[in-house]
Every structure is written in C-alpha cells, then in structure tokens.
Amino acid sequence: MIRVVLVDDQPLIRSGFRALLDAEDDVEVVAEAGNGEDGLTAVRAHLPDVVLIDVQMPVVDGIEATRRIAADPALSAVHVVILTNYGLDEYVFHALRAGAAGFLVKDIEPEDFLHAVRVAARGDALLAPSITRRLIDRYVTEPPPRAAGADLKWLTNREREAVTLVARGLSNEQLAERMVISPMTAKTHVNRAMAKLHARDRAQLVVFAYESGLVAPRDR
C-alpha cells in the first residue's frame, strides 16, 4: 500500500486528487494539509511514501517544505512530488535541488498522475515531459558550473555509466540491459553513485549529470 500525504492550499484541488487516489486499491491518502507548515506536521506524523505538495502555498511554500523533509534523517524514505499550475524553470531547479523526486504540472491526465505516484513511491525520478524539455533547454543555454564535475573522480567507470543512463531516463532494468549486467547490479551501481554524490534520489542524480557535464542535452 502506497501511503500519500496531500498538501495544497486549494481544497478543490485536494479533493480531486484524493478522489483519484482513493479509487486505487494500492494507494491510501493518510492526511491532507492546506499549507506547508501543516504539511510538514502531517508528514512527520504519518511518514508517508509520497508527499504531493503544491509549490506556492501560504506559511511555508512547497520548495522550503521539500528542503526541510530532505534535511530530516527521519524522513529519508519520504518521496516528494511538487505540483504546480506552472512549468517555470526556476521552480524546477529549486525543487530538484531541494530534494524533490519529481515535478508535475496540475493539468496532467489522471492516468499519468496515478502512474506518477507509483513511480515516485519506487524512488525513481519523475518529470513531466514539458518539464524535461525545459530542463534540457536550460542546460543548452547555460554552461554547467565550473566546479560541478569535481565529485566525478569518486565514481568508478561503471558508476559513471549508470549515472549517465539514469540521466537519459532509463530504469534499472534498462540500465541492466544496456550495461549487460543484472538489474540488482545496476541498482547497486546507482545506489553507490547516489551515496558518493550525496544525492537523495535519482532526480538529484539527473541534475548532477547535467551540471557536471557528464551528460549534455544533445546526448538525450
């Protein structure tokens, strides 16, 4: 059972998302909140698998709430998906760097929304196609930070390869096929890379891959 906390300051939005989730046999909405502060309280109380949180809210916004969740060792198993009406670049980068597992625009189709919750619960990176395009466009126009690749030296060649493939959107099963290894070994390479790079999840590996220059937008 995937446990979900909904955090959005619009009751109608929350009720719509809840209706979709409650209709699924493998998903349970354990709490709702109307602002980031109350959302943090709900997350700490219920320890959900996934938090769906609006980016713009009163008291504490979604990005700051995400940052606090990511910084709390007791919440290390909680995966945050940012929800917004907008696909603005600055929100994408702030959210991913804060520790979000994904970023979705609210006009997403219901079946894609449900898929997103399941993907996030597995710990996989999740970006809407429109957001992915913006992410790539940002790195086309802006060079990576000069020191961003410093941590690459800690990765083995296989770990670098795994990070590169993660940044291209491949699952562990696809990594295994491409690298000619077992899915478990592929997962091990990804997990070790995350540990060495201090990445909370696969979404942050994607950001690192672009910022370090390990992956260029044209490589996708």
Counting C-beta onward and ignoring hydrogens, is there a side-chain heavy-atom pair between [X] and [Y] closer than 4.5 Å?
X      : Y      : answer
Leu83  : Phe17  : yes
Leu47  : Leu75  : yes
Thr156 : Arg192 : no
Glu37  : Met57  : no

Could you measure the distance from the [atom1] atom of [X] to the [atom2] atom of [Y]? Nearest 0.5 Å is fine.
X      : Y      : atom1 : atom2 : answer
Asn35  : Thr41  : CG    : OG1   : 8.5 Å
Glu161 : Leu155 : CD    : CG    : 12.5 Å
Lys153 : Lys196 : NZ    : NZ    : 12.5 Å
Ser171 : Arg178 : OG    : CZ    : 10.5 Å
Glu64  : Ile69  : CD    : CD1   : 10.5 Å
Glu177 : Leu165 : CD    : CG    : 11.0 Å

Please report the shortest heavy-atom distance between [X] and [Y], naming the atom on each side.
X      : Y      : answer
Val78  : Pro48  : CG2-O, 3.3 Å
Pro110 : Leu20  : CB-CD2, 3.8 Å
Ala176 : Ala186 : N-CB, 4.0 Å
Gly99  : Ala70  : CA-CB, 4.2 Å
Ala193 : Val163 : CB-CG2, 3.5 Å
Gly39  : Val7   : CA-CG2, 3.8 Å

Task: Sole residue of Asp8, Ile82, Leu6 in side-chain contact (heavy atoms from CB on, under 4.5 Å) with Asp54 - done: Asp8
TODO: Run the numbers on Val55 and Ile63 for side chain to side chain contact (heavy atoms under 4.5 Å, CB included), then give the verdict.
DONE: CA-CA 6 Å; Val55 71; Ile63 293 173; 3.8 Å; yes
Task: Derivation and outcome, side chain to side chain contact (heavy atoms under 4.5 Å, CB included), residues Phe113 and Leu21 - done: CA-CA 9 Å; Phe113 170 73; Leu21 295 170; 3.9 Å; yes
Open item on the list: For residues 9-29, which residue pairs pass the salt bridge (Lys or Arg N to Asp or Glu O under 4.0 Å) check, not counting sequence neighbours?
Closed with: Arg14-Glu32, Arg18-Asp22, Arg18-Glu32, Glu24-Arg118, Asp26-Arg118
- [ ] In sequence, state the C-alpha distance, the side-chain angles, and the governing distance for Ile181 and Arg158, and then conclude on side chain to side chain contact (heavy atoms under 4.5 Å, CB included).
- [x] CA-CA 11 Å; Ile181 55 179; Arg158 294 298 260 175; 3.2 Å; yes
Task: Main-chain N/O of His46 paired with Arg3 side-chain donor or acceptor, under 3.5 Å - done: yes
Task: Stepwise side chain to side chain contact (heavy atoms under 4.5 Å, CB included) test for His189 and Leu175 - done: CA-CA 10 Å; His189 286 317; Leu175 261 71; over 6 Å; no
